[in-house]
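Since the structure comes first, as structure tokens, the remarks are kept for the end.
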Amino acid sequence: MARYWLLKSEPFKYSWDDLNAEGEGTWDGVRNHRAKNNLQAMEVGDQAFFYHSREGLEIVGICEVSEAGLTDPTDETGKWAAVKVVPKTKLPNPVTLKQIKAEPALEDCELVRQSRLSVAEIKPEEWSVIMSLAGVN
DNA sequence: GCCAACGTTGGC
DNA sequence: GCCAACGTTGGC
């Protein structure tokens with residue numbers, strides 16, 4: 001069964017629009033062990049929210065893992081992981097961090113608990129809560 | 001192996 | 001731009 005994730009990016013480095021312009025993006029440059037573990041746990045077909053950090057502070061779209069289990073091409077030691085993603089859906093209503101924090105059902109998600117984690121897991125029930133906030137059925 | 005100092009991330 | 005949270009480094 002597919003799992004759900006949240007991918008964080010600073011929009012002035014790599015935004016949702018950049019991903020759409022490219023059609024497929026490689027998620028690399030992660031240098032955090034917990035985030036790396038999450039990357040390695042991803043499988044092709046898993047869905048992930050695309051979150052804009054520092055600017056925007058909202059979930060703007062949904063992408064899907066198109067290649068999993070890659071080695072980070074930006075790292076010479078070969079120790080870090082990467083995946084490839086393709087954009088799927090732009091959210092009708094972007095879900096802001098403020099909304100997420102105001103929602104009791106989401107207070108335990110990794111995004112809230114560990115705000116500096118760049119790749120976080122989203123539980124299925126949390127996924128559906130966010131989807132309804134986003135106006136997606 | 002502990003922990004203080006330092007660097008980085010990210011919300012505000 | 002500030003600072004809190006977290007990760008990493010390095011002295012002991």
Side-chain angles (χ1 to χ4, degrees):
Chain A
M1 176 182 139
R3 295 165 80 181
Y4 301 106
W5 309 95
L6 181 136
L7 297 172
K8 251 191 222 186
S9 183
E10 303 178 22
F12 46 88
K13 282 190 191 157
Y14 193 80
S15 70
W16 171 251
D17 288 339
D18 293 333
L19 177 62
N20 278 271
E22 285 186 17
E24 183 179 49
T26 304
W27 214 269
D28 55 24
V30 170
R31 295 292 181 271
N32 172 289
H33 288 283
R34 182 152 184 176
K36 185 198 76 168
N37 288 343
N38 284 338
L39 280 176
Q40 288 179 334
M42 288 185 193
E43 291 176 3
V44 173
D46 282 2
Q47 310 274 110
F49 287 127
F50 193 112
Y51 174 81
H52 279 168
S53 65
R54 311 251 350 200
E55 280 179 20
L57 305 184
E58 59 191 11
I59 297 170
V60 288
I62 298 166
C63 48
E64 185 176 305
V65 178
S66 55
E67 277 187 60
L70 304 175
T71 303
D72 189 337
T74 67
D75 165 48
E76 301 127 18
T77 70
K79 280 190 284 190
W80 297 98
V83 297
K84 286 192 182 184
V85 295
V86 292
K88 294 285 280 189
T89 312
K90 186 185 168 82
L91 297 186
N93 309 314
V95 180
T96 64
L97 184 64
K98 208 178 264 186
Q99 285 176 277
I100 292 168
K101 286 190 165 170
E103 177 53 61
L106 299 174
E107 67 183 4
D108 272 339
C109 68
E110 274 194 331
L111 174 67
V112 174
R113 283 212 328 274
Q114 197 176 340
S115 66
R116 287 181 51 192
L117 190 63
S118 56
V119 182
E121 181 170 13
I122 303 279
K123 293 179 202 133
E125 58 270 26
E126 292 165 351
W127 180 272
S128 54
V129 171
I130 295 171
M131 289 294 260
S132 57
L133 287 175
V136 181
N137 295 311

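The sequence lines fix the lettering, A, B, ..., with proteins before strands; numbering per chain opens at 1.
- Nearest to the side-chain atoms of R116(A) among the listed nucleotides dC6(C), dG7(C), dG11(B) stands dC6(C).
- Projected onto DNA chain B by closest heavy-atom contact, K98(A) and K13(A) fall at different nucleotides, the more 5' of which corresponds to K13(A).
- Computed from coordinates, the I100(A) CD1 to dG10(B) P distance equals 14 Å when rounded to whole Å.
- Look at CZ on R31(A): it is 14 Å from P on dG10(B), rounded to the nearest Å.
- Between the P atom of dA5(C) and the CG atom of L97(A) lies a distance of 15 Å, rounded to the nearest Å.
- Between the P atom of dT9(B) and the CZ atom of R113(A) lies a distance of 22 Å, rounded to the nearest Å.
- When distances run from any side-chain atom of Q114(A) to the nucleotides dG11(B), dG7(C), dT8(B), the shortest one goes to dG7(C).
- Rounded to an integer number of Å, the gap from CZ of R34(A) to P of dT8(B) is 23 Å.
- Atom pair H33(A):NE2 and dG7(C):C1' shows a separation of 9 Å (rounding to whole Å applied).
- Taking atom CG of residue N32(A) and atom P of nucleotide dC6(C), one finds them 11 Å apart after rounding to whole Å.
- Relative orientation of the H33(A) and W80(A) rings is tilted, given thresholds of 30° and 60° on the angle between their planes.
- Whole-Å rounding puts the E110(A) CD to dC6(C) P distance at 13 Å.
- Ring geometry for W127(A) against Y4(A) counts as parallel: the plane angle stays under 30°, on a 0 to 90° scale with 60° as the upper cut.
- Put simply, the side chain of R54(A) and the base of dT9(B) share no donor and acceptor less than 3.5 Å apart.
- Here R31(A) pairs with D72(A) in a salt bridge; the nearest charged N to carboxylate O distance falls below 4.0 Å.
- Residue pairs meeting the side chain to side chain donor-acceptor pair (under 3.5 Å) criterion with at least one member in residues 87-102 of chain A, sequence neighbours excluded, are E64(A)-K88(A), T96(A)-Q99(A).
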